[in-house]
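Below is one structure; the comments refer to it alone.
Just so you know, ligand 1 is whichever comes first in the structure, and atom 1 is the first atom listed for that ligand.
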Amino acid sequence: MADYDYDVLIIGAGPGGYVAAIRAAQLGLKTACVEGRETLGGTCLNVGCIPSKAMLHASEYFDAAANGSMAKMGVIVTPKLDLPAMHGQRQDAVKQLTGGIEFLFKKNKVDWIKGFAAFTSADTVEVAGKSYRARNIVIATGSSVTPLPGVTIDQKVVVDSTGALELPKVPKKMVVIGGGVIGLELGSVWRRLGSEVTVVEFLDQLLPGMDMDVRKEAAKIFKKQGMALKLGTKVTGVAVKGGKATLTLEPAAGGASETLEADCVLVSIGRRPNTEGLALDKAGLETNARGQIEVDHDLRTTIPGIWAIGDVVPGPMLAHKAEDEGIAVAENIAGQTGIINHAVIPSVVYTWPEIAGVGLTEEQAKERGEIKVGKFPMLANSRAKTNHEPDGFVKVIADAKTDRVLGTWIIASVAGTMIAQVAQAMEFGATSEDIAYTCHAHPTHNEAIKEAAMAVTGKPIHI
Ligand code: FAD
Ligand code: NAD
């Protein structure tokens, strides 16, 4: 029909939406992307993955100089913190990368429609008072911070992840509510820069969803680094007075409450899908009990012509998952076969050391049948040992009968880089023997993956 403005209109320019827009345009579809923020790139580039990694990377250098690990290698320095400069390089990274997406939109002829979109019907949205009709609409509106009932985020004393990236000075005492990915990454940043950090976690272990061995070992490592952990504890209130916070804590299992003082409180108890203001009802769409938009394997919603991807749909809230769904949705719209293997999505916590996993945890794998597990400590890996990085291990989980790799979990300085090898192997349906007999360069951290795979059959060399 001639009266469509676009073949594809995407709502949201995060890693899901901007990637979908570029791929759709590459496939010859007339494409627009609506974004309400001043800059493209969504949560990830503006206030998520990128700025957090800028602060993690810089604070890692500071910590290495301050905690004696550089001195151990004969480099003696006394670090002096220039926090405005550290923030400056963070802002610079964000500016360059978000500007890069704008360049890619121009290069690929994607129209950026500025403003917030709301449906007026199943094929039309309104943005800043103007209507746009599209043959296909992709909802890629992402997620926002889950608030803690009764706790007001003022971005001064009580902050969310966005506020925690921008603190103008190092707080003396910081309390992190939630021992998940954000709490541990941003808690690590400020601990390295000098804060006394306490993490309060409702569950009895950190990092829900990860392998239990990893969760327990991570807790030991963070404690050793000086982070105080209050596990099995919930925050029931935060009162702010005179620039200080008093938190009320209760054991999750019930019992007497206690209080904790802090100069800064980070609320990091999860994120929730963004659907408010979209007027989904005008398109005939509903959300599920968790506020997400349900999609089928092809990323179609229940309404023909409307698709959804990224944090707003079920699944892990990860940028690379959103990106892969962005490519797949565009290819499906163009009549191709968009493929995402939701069973092989790596997840990485960018702390020191890094924590990474792909596939099933040992607990999940055991529930499905008989398994074999091979473990190898980083202490016995020559490169990690030489680099003074003894913490962590690699654990490979394989099916006992077929030997097919079901999952791998890693704690190591470069676990986030190492895990890609296993994801690729799993994508090809590798067995632990395939990994064990693949020649790995020496000396590399990745040799620990080979050794853990050898350990599945009980025959590692270096332990
Ligand atoms: P988003 O990136 O949230 O983008 C959605 C966009 O849609 C936003 O820009 C929003 O303004 C826009 N929008 C919403 N509603 C409308 C509307 N009605 N009209 C127009 N525009 C709209 N993931 C990783 O994989 N690795 C990491 O290291 C990592 N670090 C993170 C660190 C932090 C501090 C945070 C908060 C998150 C991190 N994440 C990380 C998660 C990652 O940012 C998200 O999974 C990812 O951004 C989701 O992409 P998305 O495209 O679905 O949504
Ligand atoms: P999360 O779900 O990872 O962790 C939240 C934690 O808060 C959980 O452990 C939960 O048990 C705990 N919690 C909930 N209510 C509590 C309470 N009242 N008191 C104490 N603890 C409580 O959520 P997050 O850390 O906020 O991160 C949000 C999302 O962002 C995650 O889904 C994650 O995938 C994504 N993210 C990813 C990365 C990465 O890939 N490196 C980095 C940051 C964020």
Ligand 1: protein residues within heavy-atom distance under 4.0 Å: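 Residues within 4.0 Å of ligand 1: Ile11, Gly12, Ala13, Gly14, Pro15, Gly16, Gly17, Val34, Glu35, Gly36, Arg37, Gly42, Thr43, Cys44, Val47, Gly48, Cys49, Ser52, Lys53, Gly115, Phe116, Ala117, Ala140, Thr141, Gly142, Ser143, Ser161, Ile182, Arg271, Leu278, Gly310, Asp311, Met317, Leu318, Ala319, His320, Ala322, Tyr350.
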
Tell me if a side-chain donor or acceptor on [X] pairs with a main-chain N or O of [Y] at a distance below 3.5 Å.
X: Arg23; Y: Ala330; result: no
X: Glu35; Y: Gly115; result: no
X: Arg215; Y: Leu206; result: yes

Considering only N or O atoms, set out every pair between ligand 2 and the protein closer than 3.5 Å, with distances to one decimal place.
unit_1, atom_1, unit_2, atom_2, d
ligand 2, 3 (O), Val181, N, 3.4
ligand 2, 9 (O), Glu201, OE1, 2.6
ligand 2, 9 (O), Glu201, OE2, 3.1
ligand 2, 11 (O), Glu201, OE2, 2.6
ligand 2, 21 (N), Phe202, N, 3.1
ligand 2, 23 (O), Gly270, N, 3.4
ligand 2, 25 (O), Val181, N, 3.3
ligand 2, 25 (O), Ile182, N, 2.9
ligand 2, 26 (O), Gly270, N, 2.9
ligand 2, 34 (O), Met317, O, 3.1
ligand 2, 40 (O), Val348, O, 3.4
ligand 2, 41 (N), Glu185, OE2, 2.9
ligand 2, 41 (N), Val348, O, 2.7

Between [Y] and [X], is the closest basic N to carboxylate O distance under 4.0 Å?
X: Lys173; Y: Glu261; value: no
X: Lys130; Y: Glu126; value: no
X: Lys244; Y: Asp263; value: yes
X: Arg272; Y: Asp311; value: no
X: Lys53; Y: Glu60; value: no

Residue from Asp5, Thr120, Asp3 passing side chain to side chain donor-acceptor pair (under 3.5 Å) with Arg133: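 The residue from Asp5, Thr120, Asp3 that satisfies side chain to side chain donor-acceptor pair (under 3.5 Å) with Arg133 turns out to be Asp3.
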
